[in-house]
Chemist: 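Got a structure here, written out as structure tokens. Questions coming.
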Amino acid sequence: MKELTHYIGGAHVKGTSGRFADVMNPATGEVQARVPLANAEELAQAVDIAAKAQPAWAAVNPQRRARIMMAFVGLLNRDMDKLAEALSREHGKTLPDAKGDVIRGLEVVEYCIGAPQLLKGEYTDSAGPGIDMYSMKQALGVTAGITPFNFPAMIPMWMFAPAIACGNAFILKPSERDPSVPLMLAELMEEAGLPKGILQVVNGDKEAVDAILDHDVIQSIGFVGSTPIAEYIYGRGCANGKRVQCFGGAKNHMIIMPDADMDQVADALIGAGYGAAGERCMAISVAVPVGDETADRLIAKLVPRIEKLKVGPYTAGNDVDYGPVVTAAAKANILNLIESGITQGAELVVDGRDFSLQGYEDGYFVGPHLFDRVTKDMDIYKKEIFGPVLSCVRAQTYEEALGLAMDHEYGNGTAIFTRDGDAARDFANRINIGMVGVNVPIPVPLAYHTFGGWKKSMFGDLNQHGPDAFKFYTRTKTITSRWPSGIKDGSAFSMPLME
Ligand code: NAD
């Protein structure tokens with residue numbers, strides 16, 4: 001049995017806690033490796049190493065730090081196939097999708113090559129008599145991130161690239177479901193020239209996370225995962241005085257106006273609803289056609305497309321549209337929710353429950369499902385399913401469709417499909433959701449914009465990547481200076497004024 005490690009102080013380090021988690025092959029249901037689960041002592045060792053290494057790293061000029069990011073981009077491209085294969089083997093997603101996972105992370109690394117420009121401070125000459133004022137952005141120190149299983153390359157890079165470009169040390173606690181790629185990324189960063197101890201990977205579960213939350217030296221925590229854990233981490237991390245940003249679950253609605261091009265809508269929904277087996281926080285899980293006639297046309301276009309979907313292991317190459325879900329527990333949860341949808345009265349238009357694949361009977365494959373006439377009170381509408389299940393909620397008017405998305409507790413992403421610019425503009429202005437697509441089904445912002453939801457999809461103030469990341473991973477210090485020749489007065493007892 002392959003035994004994975006931590007990556008601490010520039011070396012692969014065996015776990016010492018005696019606790020391990022199985023890493024499954026989701027396509028076969030077999031255990032393919034085991035990963036150590038760190039305890040507080042192991043986490044503390046990594047923090048000590050990070051704290052010793054970080055001041056020298058912060059003192060490296062930003063341009064040299066950026067060069068390491070540049071070299072890292074080259075190595076990611078060199079090892080793209082290897083990374084994608086390792087990612088698919090543990091996650092289950094198709095190889096093109098796995099490459100997309102790496103590339104969307106790589107794009108944030110590219111953005112971080114701009115660190116010298118992004119970290120420049122501000123300067124006011126002669127802010128008062130003989131007085132100059134300037135501000136600088138300084139690294140926080142030791143920072144940490146806790147990441148989900150569904151993007152094991154992209155989300156770690158979204159965190160560690162800006163953290164490290166800003167001069168911090170970073171401790172990554174990746175998902176225990178697919179830990180191999182994060183370990184490979186740490187090795188590549190060192191091959192690119194990063195000093196040892198600046199990026200470390202501590203594998204684990206709740207015990208390691210709690211150790212991160214409670215460690216005094218750790219200054220900031222980034223989290224991406226499900227909403228209950230996001231709320232927990234935000235609460236405990238903030239109570240411990242840390243800077244925290246947590247990104248949670250989603251239930252993304254697509255509003256379909258009567259004037260939309262229904263072929264475009266159906267194509268978009270197939271990719272956004274079923275791609276990656278629905279295991280994306282920006283997946284569309286709710287379609288809201290406006291008017292029954294729109295709904296009937298939509299269902300008629302969707303059904304034949306869904307029936308053609310090819311589900312299988314990533315090793316089948318281009319013959320596969322999406323792979324298995326990540327664990328047996330995830331599959332059981334999805335199937336339970338599907339049963340609840342039937343019991344609570346939704347119409348199951350495409351039923352994938354009897355899906356099975358010869359030779360992969362023990363894999364965690366879930367056939368595609370389509371529900372029509374879903375209502376607000378049903379569990380399949382209220383809960384995040386995170387599987388290949390699309391729910392159609394019929395609205396009679398645009399206002400009703402808008403209200404549905406507005407009232408849902410999640411607010412990650414949404415989309416409207418229409419030819420009507422007024423409707424699109426109104427939707428973009430009024431909706432209380434963080435990322436909005438206009439005829440774009442998965443509106444994931446590019447690296448130089450920021451990524452983040454609203455409502456129960458996000459806890460904190462600053463988004464991921466883009467300019468917000470450089471704010472999250474730095475502190476501003478403002479210096480007011482006057483040299484002896486500019487000092488005219490003696491002691492002053494009133495509030496100093498710059499006059
Ligand atoms: P998860 O919440 O189960 O796990 C995320 C991380 O938290 C993992 O590293 C895990 O080890 C850790 N964790 C799990 N249980 C914990 C506990 N009790 N205490 C402390 N730490 C714990 O999420 P997941 O299943 O890995 O990922 C899927 C979820 O992530 C979905 O809800 C999805 O919507 C969400 N997600 C959100 C975004 C976003 O940007 N908003 C992006 C990707 C995924």
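Whatever order the structure lists ligands and atoms in, that order sets their numbers, starting from 1. Owing to the predicted nature of the structure, the values given are computational and were not obtained by experimental measurement.
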Chemist: So, applying salt bridge (charged side-chain N to carboxylate O under 4.0 Å, His left out) with Asp407, which one of Lys382, Lys376, Lys455 is it?
Modeler: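 One option only clears the test, and that one is Lys376.
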Chemist: List ligand 1's nitrogen or oxygen atoms that come under 3.5 Å of a protein nitrogen or oxygen, with the partner atom and distance.
Modeler:
{"residue": "ligand 1", "atom": "2 (O)", "partner": "Ser226", "partner atom": "N", "Å": "2.9"}
{"residue": "ligand 1", "atom": "2 (O)", "partner": "Ser226", "partner atom": "OG", "Å": "2.6"}
{"residue": "ligand 1", "atom": "9 (O)", "partner": "Thr147", "partner atom": "O", "Å": "2.8"}
{"residue": "ligand 1", "atom": "9 (O)", "partner": "Lys173", "partner atom": "NZ", "Å": "2.9"}
{"residue": "ligand 1", "atom": "11 (O)", "partner": "Lys173", "partner atom": "NZ", "Å": "2.7"}
{"residue": "ligand 1", "atom": "11 (O)", "partner": "Glu176", "partner atom": "OE1", "Å": "2.6"}
{"residue": "ligand 1", "atom": "11 (O)", "partner": "Glu176", "partner atom": "OE2", "Å": "3.4"}
{"residue": "ligand 1", "atom": "26 (O)", "partner": "Phe149", "partner atom": "N", "Å": "3.0"}
{"residue": "ligand 1", "atom": "30 (O)", "partner": "Gly225", "partner atom": "O", "Å": "3.2"}
{"residue": "ligand 1", "atom": "32 (O)", "partner": "Glu384", "partner atom": "OE1", "Å": "2.6"}
{"residue": "ligand 1", "atom": "34 (O)", "partner": "Glu384", "partner atom": "OE2", "Å": "2.6"}
{"residue": "ligand 1", "atom": "41 (N)", "partner": "Gly248", "partner atom": "O", "Å": "2.8"}

Chemist: Identify, with sequence neighbours excluded, every residue that meets salt bridge (Lys or Arg N to Asp or Glu O under 4.0 Å) alongside Asp97.
Modeler: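 Partners of Asp97 by the salt bridge (Lys or Arg N to Asp or Glu O under 4.0 Å) criterion, ordered by chain and then number, come out as Arg280.
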Chemist: Can you sort out the partners of Lys52 under salt bridge (Lys or Arg N to Asp or Glu O under 4.0 Å), two or more places apart, ordered by chain and number?
Modeler: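 None.
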Chemist: Restricting to pairs with a member in residues 197-246, which pass ring pair (Phe, Tyr, Trp, His ring centres under 6.0 Å), not counting sequence neighbours?
Modeler: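 Found none.
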Chemist: How close do Met435 and Pro445 get, heavy atom to heavy atom, and via which atoms?
Modeler: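 Looks like SD-CD, 3.4 Å.
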Chemist: Tell me whether Lys137 forms a cation-pi arrangement with Tyr473, defined as NZ or CZ under 6.0 Å from the six-membered ring centre and within 45 degrees of its axis.
Modeler: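 No, cation not above the ring by the 6.0 Å, 45° rule.
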